[in-house]
Structure formats: C-alpha cells, structure tokens
Amino acid sequence: QVQLVESGGGLVQAGGSLRLSCAASGIIFRLSAMYWYRQAPGKQRELVASITIGSNTNYADSVKGRFTISRDNAKNTVYLQMNSLKPEDTGFYYCSTFYRERYWGQGIQVTVSS
C-alpha cells in the first residue's frame, strides 16, 4: 500500500521560509521520481517541482530560484525547501509519485501572509 505523508506546512509571513517533508512507504523509493504539486483557492492544481531517480530537478517558473526539491533515499523522504515565500505561494501542497498509477499524499496547507 503506497503511502505519502506530508509534514512541515503552516503559516508564515511573506519573505519567510518553510520546509515540507514527504515520507514515502510502499514504493521502491530510490526508483521513484517524486513530485510536489500545489493548489491555490480557485486555481487549478499545478506542478511545482519534480526530482528524478538520478536527482535531476525541474521547477515551475513561478518558484524557480526560491524553492528547492531534494530527496534522501536512506530516509525514503522528499523535501521542498521554500524560501522568499510570497502570498501567491499560499495553497494546499501535495506530494506525489507514479507507478502504474499516480499516488497522492493527503496534502498540507501552506499559508503566506502579506
């Protein structure tokens, strides 16, 4: 049973930082690409960042230079370090992976106040 459990969200002021964690189980983590998505109120879900098996990374233009995705294969955990946060970063953040079908974590709220 695939499980993805996010943690580390919360409320932060603009310009601040948060680090999200996603603990994975039920997958061969080192052979799994990992993704962070977010969904703001009234907006479509968007891909924020991805990291491949080889730790190559990609970012949405809106977060490039501010966010960093990383993985720790020994801990079966993927992280999203979020710096210089803006109010428009507010939303529900989801960890995801894909193996025959897409799997999602429960999501975690990030709120950035102005």
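FYI, the numbering just counts along the sequence from 1. Bear in mind that the values here come from a model prediction, so they are computed numbers and not experimental data. Both backbone and side-chain heavy atoms feed into the values below; hydrogens, waters and symmetry mates do not.
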Does any non-hydrogen side-chain atom of [Y] lie less than 4.5 Å from one of [X]?
X: Cys95; Y: Trp36; result: yes
X: Leu80; Y: Tyr35; result: no
X: Ser70; Y: Gln81; result: no
X: Met34; Y: Ile27; result: yes

### Query
Relative to each other, are the rings of Trp104 and Tyr94 parallel, tilted or perpendicular (30° and 60° limits)?
perpendicular
Short side-chain to backbone donor-acceptor contact, [X] and [Y], under 3.5 Å:
X: Ser21; Y: Tyr79; result: no
X: Glu6; Y: Gln106; result: yes
X: Arg71; Y: Thr52; result: yes
X: Arg30; Y: Asn73; result: no

Inspect the surroundings of [atom1] in [X] and state if more than 12 heavy atoms from other residues, nucleotides or ligands are less than 6.0 Å away.
X: Glu88; atom1: CD; result: yes
X: Ile28; atom1: CD1; result: no
X: Phe98; atom1: CZ; result: yes

Is it true that [X] and [Y] fall in one hydrophobic cluster, defined by side-chain heavy atoms closer than 4.5 Å?
X: Tyr59; Y: Tyr93; value: yes
X: Val12; Y: Phe67; value: yes
X: Leu18; Y: Val48; value: yes

### Message
Exactly one of Ile69, Thr97, Leu20, Leu4 should register a side-chain contact (heavy atoms from CB on, under 4.5 Å) with Val78. Which one does?
### Response
Ile69
### Option from Val110, Thr90, Asp89, Ile108 for which side-chain contact (heavy atoms from CB on, under 4.5 Å) with Arg38 holds
Asp89
Would you give the length of the straight line joining atom [atom1] of [X] to atom [atom2] of [Y], rounded to the nearest 0.5 angstrom?
X: Cys22; Y: Phe29; atom1: SG; atom2: CZ; value: 7.5 Å
X: Ser32; Y: Ile51; atom1: OG; atom2: CD1; value: 12.0 Å
X: Arg19; Y: Met82; atom1: CZ; atom2: CE; value: 11.5 Å
X: Arg66; Y: Thr68; atom1: CZ; atom2: OG1; value: 11.0 Å
X: Ser114; Y: Lys86; atom1: OG; atom2: NZ; value: 13.5 Å

